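Read the structure below first, then the notes.
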Amino acid sequence: MEIPVIDFNELNGEKRSNTMALLHQACEKWGFFKIENHGIDKKLMEKVKHLVNAHYEENLKGRFYESEIAKSLENKGNNSEIDWESSFFIWHRPTSNIDEIENLSEDLRKVMEEYIAQLVKLAEKLSELMCENLGLEKSCIMEAFSGSKGPSVGTKVAKYPQCPRPQQVRGLREHTDAGGIILLLQDDQVPGLEFFKDGEWVEIPPSKNNTIFVNTGDQVEVLTNGRYKSALHRVMANDNGSRLSIATFYNPAGDAIISPATKLLYPNHFSFQDYLKLYATTKFSDKGPRFESMKKMTNGHYSVLT
């Protein structure tokens, strides 16, 4: 199963319409895709990966293998509710907690902030393209996510350590993401990520050439009235190496009020009699404008029969 690849270089020029159509299909039918030529500095991405791996080796690896999670695997206990991962979370916006995280090097703090500044621009661009494909104002998702202080941005930094008994445990159990747009910088060697599509699990290969892997979360599904789905996914444990995952979440603010975009809603709370009255004069026209007329009528609480 070929995972959709969106080439951002093709958004300028004669291939734009085809690229936009591919993005729309990826959001509507898949809920996940890869982005090439995204504009993020690839040397910076390499630095982020290198420094995160170094932080894990120096500060987290030993602690993980001495943890209760690792011991539970040795004891062959019930592993259905644990995740074979070592992770921490960095908040970036509206406020940052990066200075509060134990043992982060100054280099990692600096490089991560530079990376996030570029990644947020990509998330904003992607949100605009999604809105354009849905016929919404380009700023619709950004505004819906903003709340009182702007969208919330945070990064889950995770390593999925080499596992001696991968058949007994998940790296991360099956779930959909609660938030908005998720942009993943992942390992270029070790696999493990899987997404569920059309009744089967699709293996997501390691990311070559620092492509960004994207999936949409629950709030995008709500905002688009179900047009763009959040996809179920998981991480499989692996006995051949440790997998790196740096997932940045472009999410609604905590106080953002989320509801489907009005333009994407079907008309509702109307009488069939009213619909037939309008239908009689628009039967041989496209149904879209008819639905829009019904929405205006129901929003205004008046009847075409009066």
Side-chain angles (χ1 to χ4, degrees), residues 4-8 10-33 35 123-147 151 176-181 196-199 214-232 250-253 256-306:
V5 179
I6 312 301
D7 186 344
F8 266 37
E10 295 185 350
L11 287 169
N12 302 309
E14 59 184 23
K15 294 184 178 180
R16 188 177 197 279
S17 60
N18 288 339
T19 303
M20 290 293 286
L22 180 60
L23 174 62
H24 183 59
Q25 183 184 50
C27 292
E28 197 169 45
K29 305 296 184 184
W30 292 71
F32 56 96
F33 51 91
I35 300 180
E124 291 173 343
K125 176 65 175 176
L126 195 52
S127 75
E128 291 177 349
L129 295 172
M130 289 178 177
C131 289
E132 183 179 342
N133 268 334
L134 291 165
L136 304 172
E137 294 294 326
K138 286 186 177 183
S139 60
C140 181
I141 291 177
M142 282 189 281
E143 290 177 359
F145 281 12
S146 286
T176 60
D177 288 324
I181 299 171
F196 196 69
K197 175 173 167 47
D198 298 336
V214 176
N215 68 282
T216 47
D218 295 345
Q219 304 316 302
V220 168
E221 181 165 338
V222 172
L223 279 168
T224 64
N225 199 35
R227 292 284 299 277
Y228 290 174
K229 306 292 187 184
S230 61
L232 190 68
Y250 182 78
N251 282 353
I257 304 302
I258 304 299
S259 58
T262 304
K263 192 169 183 180
L264 300 180
L265 289 172
Y266 280 105
N268 56 75
H269 294 97
F270 59 85
S271 72
F272 184 49
Q273 208 172 15
D274 279 353
Y275 187 82
L276 286 176
K277 180 74 173 182
L278 181 62
Y279 181 78
T281 60
T282 61
K283 178 176 180 178
F284 300 107
S285 301
D286 184 73
K287 64 185 175 184
R290 183 160 63 242
F291 287 165
E292 287 301 311
S293 294
M294 290 305 299
K295 277 198 281 188
K296 291 176 183 177
M297 291 174 195
T298 54
N299 288 342
H301 304 291
Y302 64 86
S303 169
V304 295
L305 299 178
T306 58

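Throughout, numbering of the chain's residues begins at 1 and tracks the sequence. What you see is a predicted model, and the numbers here were worked out from it, not measured in a lab.
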>> Any side-chain to backbone donor/acceptor pair from Ser139 onto Met142? Under 3.5 Å, distance only.
In response: no
> Parallel under 30°, tilted from 30 to 60°, perpendicular over 60°: which one fits the rings of Tyr275 and Phe272?
Replying inline: parallel
>> Contact between Phe8 and Leu126 at the side-chain level, heavy atoms closer than 4.5 Å - yes or no?
In response: yes
> Could you go step by step and tell me if Leu129 and Leu11 meet the side-chain contact (heavy atoms from CB on, under 4.5 Å) rule?
Replying inline: CA-CA 10 Å; Leu129 295 172; Leu11 287 169; 3.6 Å; yes
>> For Tyr250 and Phe145, take the angle between the two ring planes, folded into 0 to 90°, and tell me which bin it lands in: parallel under 30, tilted 30 to 60, perpendicular over 60.
In response: tilted
> Any side-chain heavy-atom pair from Asp7 and Leu22 closer than 4.5 angstrom?
Replying inline: no
> Judged by atom type as modelled, is there a donor-acceptor pair below 3.5 Å linking the side chain of Lys197 to the main-chain atoms of Phe32?
Replying inline: no
> Considering only heavy atoms from C-beta outward, does the side chain of Ser127 approach that of Ile181 to under 4.5 Å?
Replying inline: yes
>> Checking side chain to side chain contact (heavy atoms under 4.5 Å, CB included) between Ser230 and each of Val220, Asp218, Asp177, which is the one that passes?
In response: Asp218
>> Please evaluate residues Met130 and Tyr228 with respect to the criterion side-chain contact (heavy atoms from CB on, under 4.5 Å), reporting the C-alpha separation (whole Å), side-chain torsions for both, the decisive distance (0.1 Å), and the verdict.
In response: CA-CA 9 Å; Met130 289 178 177; Tyr228 290 174; 4.0 Å; yes
> Checking side-chain contact (heavy atoms from CB on, under 4.5 Å) for the pair His24/Glu132: CA distance, chi angles, key distance, verdict?
Replying inline: CA-CA 10 Å; His24 183 59; Glu132 183 179 342; over 6 Å; no
>> Let me confirm one number: the CD-CG distance from Gln219 to Asn251, rounded to the nearest 0.5 Å.
In response: 8.0 Å
>> If I take atom SG from residue Cys27 and atom CD1 from residue Ile6, how far apart are they, to the nearest 0.5 angstrom?
In response: 7.5 Å
> Can you find a heavy atom in the side chain of Met294 that is under 4.5 Å from one in the side chain of Leu278?
Replying inline: yes
> Where is the tightest heavy-atom contact between Lys263 and Lys295, given as atom of each residue plus distance?
Replying inline: O-NZ, 3.0 Å
